[in-house]
Q: 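Sharing a structure below in structure tokens format, with a few things to ask.
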Amino acid sequence: MEALWESAPQTASELTKALRPKMNWAENTVRTLLTRLMEKGALHTNENSAGTRTYLPAVKREACVRAEGESFMQRVFGGAAKPLLVHFAQNSKLTAEEVRELKKILDQSLKS
């Protein structure tokens with residue numbers, strides 16, 4: 001999905017080339033993944049001028065991140081935000097700027 005959010009539409013071959021340096025997946029693996037993402041409604045397909053199937057995201061990155069974050073929090077932390085935040089605060093190497101930004105976000109959540 002990241003490759004398609006960065007640049008879409010793309011063919012399966014183009015995606016394979018883009019993913020090969022990091023994932024080293026064969027084109028059949030990429031095609032299987034694309035089929036599964038289409039079945040889940042995450043992708044749309046079209047045909048380009050040469051008649052080749054192209055793929056493009058049907059969902060925005062932000063929506064996927066939100067859904068995956070909620071799913072992770074539910075599975076790992078029983079849906080509770082506090083243990084999740086404590087875990088990441090204690091186990092992440094946050095910069096002073098990141099800590100200030102998080103404090104600002106938490107302060108804003110108190111106001112709303």
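The figures here come from the full heavy-atom set of this structure, side chains too, leaving out hydrogens, waters and symmetry mates.
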Q: Is the number of heavy atoms from other residues, nucleotides or ligands within 6.0 Å of CD (Glu2) greater than 12?
A: yes
Q: Check step by step if side chain to side chain contact (heavy atoms under 4.5 Å, CB included) holds for Gln10 and Leu4.
A: CA-CA 7 Å; Gln10 292 190 63; Leu4 285 170; 4.0 Å; yes
Q: Taking the side chain as C-beta and beyond, is there a heavy-atom pair between Leu34 and Leu15 under 4.5 Å?
A: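 They are in contact (side-chain heavy atoms under 4.5 Å apart), so the answer is yes.
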Q: So Met1 and Leu43, side chain to side chain contact (heavy atoms under 4.5 Å, CB included) or not? Walk me through it.
A: CA-CA 9 Å; Met1 288 301 296; Leu43 296 179; 3.6 Å; yes
Q: List the atom of Tyr55, the atom of Ala12, and the distance in Å for their closest heavy-atom pair.
A: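 Of all heavy-atom pairs spanning Tyr55 and Ala12, the closest is CE1-N, 4.0 Å.
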Q: Please enumerate all residues that pass side-chain contact (heavy atoms from CB on, under 4.5 Å) together with Leu33, with sequence neighbours excluded.
A: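 Checked Leu33 against side-chain contact (heavy atoms from CB on, under 4.5 Å); matches are Trp25, Leu37.
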Q: Extract all donor-acceptor atom pairs below 3.5 Å that involve side chains of residues 104-112 and protein atoms in other chains or at least two apart in sequence.
A:
unit_1	atom_1	unit_2	atom_2	d
Ser109	OG	Leu106	O	2.7
Ser112	OG	Gln108	O	3.3

Q: Is it true that Glu39 and Arg36 make a salt bridge, defined as a side-chain N closer than 4.0 Å to a carboxylate O?
A: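 Answer for the salt bridge query: no.
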Q: Would you check if the side chain of Glu98 reaches a backbone N or O of Thr95 as a donor-acceptor pair within less than 3.5 Å?
A: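 At least one qualifying donor-acceptor pair exists.
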Q: In terms of hydrophobic clusters joined by side-chain contacts under 4.5 Å, are Leu56 and Val59 together?
A: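 Different clusters.
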Q: Are the side chains of His44 and Met38 in touch, meaning some heavy atoms are under 4.5 Å apart?
A: no
Q: Are Val86 and Leu102 co-members of a hydrophobic cluster defined by side-chain heavy atoms under 4.5 Å apart?
A: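 No, it is not one cluster - the side chains of Leu102 and Val86 are not joined through contacts under 4.5 Å.
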Q: Indicate whether the side chain of Glu27 and that of Ser13 have a donor and an acceptor atom separated by less than 3.5 Å.
A: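 Judged by distance alone, the side chains do pair up.
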Q: Might you point out which heavy atoms bring Pro57 and Ala8 nearest each other, and give the distance in Å?
A: CD-CB, 3.6 Å
Q: Is it possible for you to say whether Phe88 and Leu94 belong to one hydrophobic cluster, with membership spreading through side-chain heavy-atom contacts below 4.5 Å?
A: no
Q: Find the distance between CG (Asn46) and OG1 (Thr54) and round it off to the nearest 0.5 Å.
A: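 Asn46 atom CG to Thr54 atom OG1 measures 5.0 Å (nearest 0.5 Å).
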Q: Kindly determine whether Glu14 and Lys17 satisfy side chain to side chain contact (heavy atoms under 4.5 Å, CB included), including the steps that lead there.
A: CA-CA 5 Å; Glu14 291 167 338; Lys17 287 177 190 172; 5.8 Å; no
Q: Atom CZ of Arg61 and atom CZ of Arg66: how far apart are they, to the nearest 0.5 Å?
A: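 Result: 12.0 Å between the selected atoms.
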Q: What side-chain donor-acceptor pairs closer than 3.5 Å can you find for residues 71-82, not counting sequence neighbours?
A:
unit_1	atom_1	unit_2	atom_2	d
Ser71	OG	Arg75	NH1	2.6
Arg75	NH1	Ser71	O	3.4

